Chemist: 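Structure provided below as structure tokens; questions to follow.
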Amino acid sequence: MLGIVSRKVLGQSLGRIRPAVSALRNYSSAEKQMTVRDALNSALDEEMSADPKVFLMGEEVRKSREYQGAYKISKGLLEKYGPERVLDTPITEAGFTGIGVGAAYYGLKPVVEFMTFNFSMQAIDHIINSAAKSNYMSAGQISVPIVFRGPNGAAAGVGAQHSQCYAAWYGSCPGLKVLSPYSSEDARGLLKAAIRDPDPVIFLENELLYGESFPVSAEVLDSSFCLPIGKAKIEREGRDVTITAFSKMVGFALKAADILAKDGISAEIINLRSIRPLDTPTINASVRKTNRLVTVEEGFPQHGVGAEICMAVVEESFGYLDAPVERIAGADVPMPYAANLERMAVPQIEDIVRAAKRACYRSTAMAATA
């Protein structure tokens, strides 16, 4: 399989890595709606068209012309680029991830799809010890331009083994870049940046967001559009409390901000976009303005992304805090299967509202008991 791709692709001229173009305009210039699924599909299509070294591999990415991949992210790519660049693999994550890393060593640009990032645990040795560390251990002689992408975090009713968030897991490893999109703009711009990057990138999507539509501008739809890695986006400006979030939780935070506004609390919402590197300057600048911080994530609380953000603020902006930092995370238990318990195990909009009110000293006082 690798030999076929190598003979086909390596014989063509090497393309230069295009620099990321910062595109941070608001949605005010939106011209159309696009789902996150279509944003990912179009980004893959355009990058495969622009660079013959890019190819997609994973389980069922080309299962059939009718099925069009497990989540339809690869829709139409088999017909357009053929079986040499859209590769179905056996159900062996350790095997095809190792093949992908080897292909990257030889100058190709694999996009490895996991049906869920929970299955990446089968391949974590290749991701951490082979992909993430090779550039350092070779003194810069070996680049590993590879993207590992797929749905991450809780879906619905899939139990403890299929519901984990890997942002903190991979975010703790030097040598990796870790991205987590929320909107269609994020998905399109960040996936392009990941594919063009010379280093291994973990790209954490959310299954429940695939069908969500977001407004996109003409700039976002341009084939040259690309977002910078390591830069957060202020989704909503505010003056009373800073709320950081990523992936699906950004939407929850924005809805919480609407509720808080009715009570006179102006919340600033930061969409992290990049977990590693983390945009601590943007976070600290916001906290120095609002003097309060609430972090939101789906993952486990201990050693989480929120914990890292809290420490970054304590180290850089402790004197600006007017209230203790509030951290909202998933429950410190394996994900329950029952729907009612599952809902209790992941953050909800009302949890964010209560935390923001506590930070602003606006929480309802409990009635005194006799």
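Nothing here was measured: the structure is a model prediction, and the numbers come from that model.
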Chemist: When rounded to the nearest 0.5 angstrom, what is the spacing between NZ in K233 and OG in S183?
Modeler: 6.0 Å
Chemist: So, for G100 and P110, which heavy atoms are closest and what is the spacing to 0.1 Å?
Modeler: O-CG, 3.2 Å
Chemist: Would you call T89 and I99 a side-chain contact if the rule is heavy atoms closer than 4.5 Å?
Modeler: no
Chemist: Could you give the distance from CD (E84) to CG (L78), rounded to the nearest 0.5 Å?
Modeler: 11.5 Å
Chemist: Treat each ILVMFWY residue as a node, draw an edge where side-chain heavy atoms are under 4.5 Å apart, and state whether I128 and V144 are in one component.
Modeler: yes
Chemist: Taking the side chain from R292 and the backbone from V241, do they hold a donor-acceptor pair closer than 3.5 Å?
Modeler: no
Chemist: Which atom names give the shortest non-hydrogen contact between M48 and R85, and what distance separates them?
Modeler: O-NH2, 2.8 Å
Chemist: Return yes if some donor-acceptor pair links the side-chain N/O of S317 with the main-chain N/O of R288 below 3.5 Å, else return no.
Modeler: no
Chemist: Can you tell me how far apart CD (E297) and CE (M249) are? Round to the nearest 0.5 Å.
Modeler: 10.0 Å
Chemist: What distance separates E308 CD from I283 CD1, expressed to the nearest 0.5 Å?
Modeler: 9.5 Å
Chemist: Quick one, E212 and T35 - any side-chain contact, counting heavy atoms below 4.5 Å?
Modeler: no
Chemist: I'd like to know if the side chain of S120 pairs up with that of Y166 as donor and acceptor (distance under 3.5 Å, no hydrogens or angles considered).
Modeler: no
Chemist: Indicate the ring-plane relationship of Y71 and Y210, choosing parallel, tilted or perpendicular according to the 30° and 60° boundaries.
Modeler: tilted
Chemist: Just by modelled atom types, is the C310 backbone N or O under 3.5 Å from a matching donor or acceptor in the R327 side chain?
Modeler: no
Chemist: Might you point out which heavy atoms bring F300 and V333 nearest each other, and give the distance in Å?
Modeler: CE2-O, 3.4 Å
Chemist: Quick one: does any side-chain atom of D199 pair with a main-chain N or O of G175 as donor and acceptor, under 3.5 Å?
Modeler: no
Chemist: Flag the pair T280 / E315 as yes when at least one side-chain heavy-atom distance between them is below 4.5 Å, and no otherwise.
Modeler: no
Chemist: Would a hydrophobic clustering, with Ile, Leu, Val, Met, Phe, Trp and Tyr connected at side-chain separations under 4.5 Å, put M335 with I328?
Modeler: no
Chemist: Tell me whether the count of non-hydrogen atoms from other residues, nucleotides or ligands lying under 6.0 Å of CG in L341 goes above 12.
Modeler: yes
Chemist: Mind checking the OG-NZ spacing from S42 to K192? Nearest 0.5 Å is all I need.
Modeler: 7.0 Å
Chemist: Is Y106 reachable from V112 through a run of hydrophobic residues whose side-chain heavy atoms are each under 4.5 Å from the next?
Modeler: yes
Chemist: For M137, I'd like to know if atom CE has over 12 heavy atoms of other residues, nucleotides or ligands within 6.0 Å.
Modeler: no
Chemist: Should M34 and E185 count as side-chain neighbours, where that means a heavy-atom distance under 4.5 Å?
Modeler: no
Chemist: Output yes when K109 and D51 qualify as a salt bridge under the 4.0 Å nitrogen-oxygen rule, no when they do not.
Modeler: yes
Chemist: Going by side-chain contact (heavy atoms from CB on, under 4.5 Å), E205 matches just one of N152, L190, L40. Which one?
Modeler: L40
Chemist: Please say yes or no: joined through hydrophobic side-chain contacts below 4.5 Å, possibly via intermediate residues, are L77 and M115 part of one cluster?
Modeler: yes
Chemist: Quick check against the 3.5 Å criterion: does S49 have a side-chain atom that pairs as donor or acceptor with the backbone of D45?
Modeler: no
Chemist: In terms of hydrophobic clusters joined by side-chain contacts under 4.5 Å, are I91 and L87 together?
Modeler: no
Chemist: More than 12 heavy atoms of other residues, nucleotides or ligands under 6.0 Å from CD of Q348: is that the case?
Modeler: yes
Chemist: List the steps and the verdict of side chain to side chain donor-acceptor pair (under 3.5 Å) for D186 and N271.
Modeler: CA-CA 10 Å; D186 293 354; N271 173 5; 2.6 Å; yes
Chemist: Step through the shown structure and confirm whether more than 12 heavy atoms of other residues, nucleotides or ligands are within 6.0 Å of CD on E350.
Modeler: yes
Chemist: Set out, in order, the CA-CA distance, both residues' side-chain angles and the distance that settles side chain to side chain contact (heavy atoms under 4.5 Å, CB included) for F114 and F96, then state yes or no.
Modeler: CA-CA 10 Å; F114 295 118; F96 66 75; 4.1 Å; yes
Chemist: Just do the side chain to side chain contact (heavy atoms under 4.5 Å, CB included) check on S247 and L209 with the steps written out, would you?
Modeler: CA-CA 8 Å; S247 190; L209 288 176; 4.2 Å; yes
Chemist: Using the side chain to side chain contact (heavy atoms under 4.5 Å, CB included) rule, take V313 and Y320 through it: C-alpha gap first, then chi angles, then the decisive distance, then the call.
Modeler: CA-CA 9 Å; V313 168; Y320 290 85; over 6 Å; no
Chemist: Under the 3.5 angstrom rule, does the side chain of S130 hit a backbone N or O of I127 as a donor-acceptor pair?
Modeler: no
Chemist: Identify the two heavy atoms, one from T295 and one from G306, that lie closest to each other, and give their separation to 0.1 Å.
Modeler: OG1-CA, 3.6 Å
Chemist: Would you say the side-chain atoms of T282 and K231 include a donor-acceptor pair closer than 3.5 Å?
Modeler: yes
Chemist: Assess the residue pair T290 and E268 against the criterion (side chain to side chain donor-acceptor pair (under 3.5 Å)); give the C-alpha distance rounded to whole Å, side-chain angles, the decisive distance to 0.1 Å, and a yes or no.
Modeler: CA-CA 8 Å; T290 67; E268 182 149 294; over 6 Å; no
Chemist: Please tell me whether N206 and Y182 have a donor and an acceptor in their side chains that are separated by less than 3.5 angstrom.
Modeler: no
Chemist: Sub-3.5 Å donor-acceptor pair from the side chain of D88 to the main-chain atoms of E59, do we have one?
Modeler: no
Chemist: Between Y361 and P324, which heavy-atom pair has the shortest distance, and what is it?
Modeler: OH-CD, 3.8 Å
Chemist: Taking N118's backbone N and O only, do any of them form a donor-acceptor pair with T116's side chain (distance below 3.5 Å, no angle check)?
Modeler: yes
Chemist: One pair to check against side chain to side chain contact (heavy atoms under 4.5 Å, CB included): I73 and R37. What are the steps and the verdict?
Modeler: CA-CA 6 Å; I73 305 300; R37 176 182 288 107; 3.8 Å; yes
Chemist: Can you name the closest pair of heavy atoms from T242 and V287 and give their distance?
Modeler: OG1-N, 3.7 Å
Chemist: Any salt bridge between D351 and R354, counting N to O under 4.0 Å?
Modeler: yes
Chemist: Under the 3.5 angstrom rule, does the side chain of S74 hit a backbone N or O of V61 as a donor-acceptor pair?
Modeler: yes
Chemist: Check whether more than 12 heavy atoms from other residues, nucleotides or ligands sit under 6.0 Å from atom CZ of F119, and answer yes or no.
Modeler: yes
Chemist: Can you confirm whether V296 sits close enough to F252 that some side-chain heavy atom of one is under 4.5 Å from a side-chain heavy atom of the other?
Modeler: no
Chemist: Please check if the number of heavy atoms outside K289 that lie under 6.0 Å from its NZ is greater than 12.
Modeler: yes
Chemist: For the pair R362 and D263, evaluate salt bridge (charged side-chain N to carboxylate O under 4.0 Å, His left out) and give the outcome as yes or no after the intermediate values.
Modeler: CA-CA 9 Å; R362 296 279 295 276; D263 289 332; 5.6 Å; no
Chemist: Are any non-hydrogen side-chain atoms of I270 and S286 less than 4.5 angstrom apart?
Modeler: yes
Chemist: Look up atom NZ in K357 and atom CG in D240, then write down how far apart they are to the nearest 0.5 Å.
Modeler: 13.0 Å
Chemist: When you compare the side chain of L260 with that of I243, does any pair of heavy atoms fall below 4.5 Å?
Modeler: yes
Chemist: Between F117 and I202, is there a side-chain heavy-atom distance shorter than 4.5 Å?
Modeler: yes
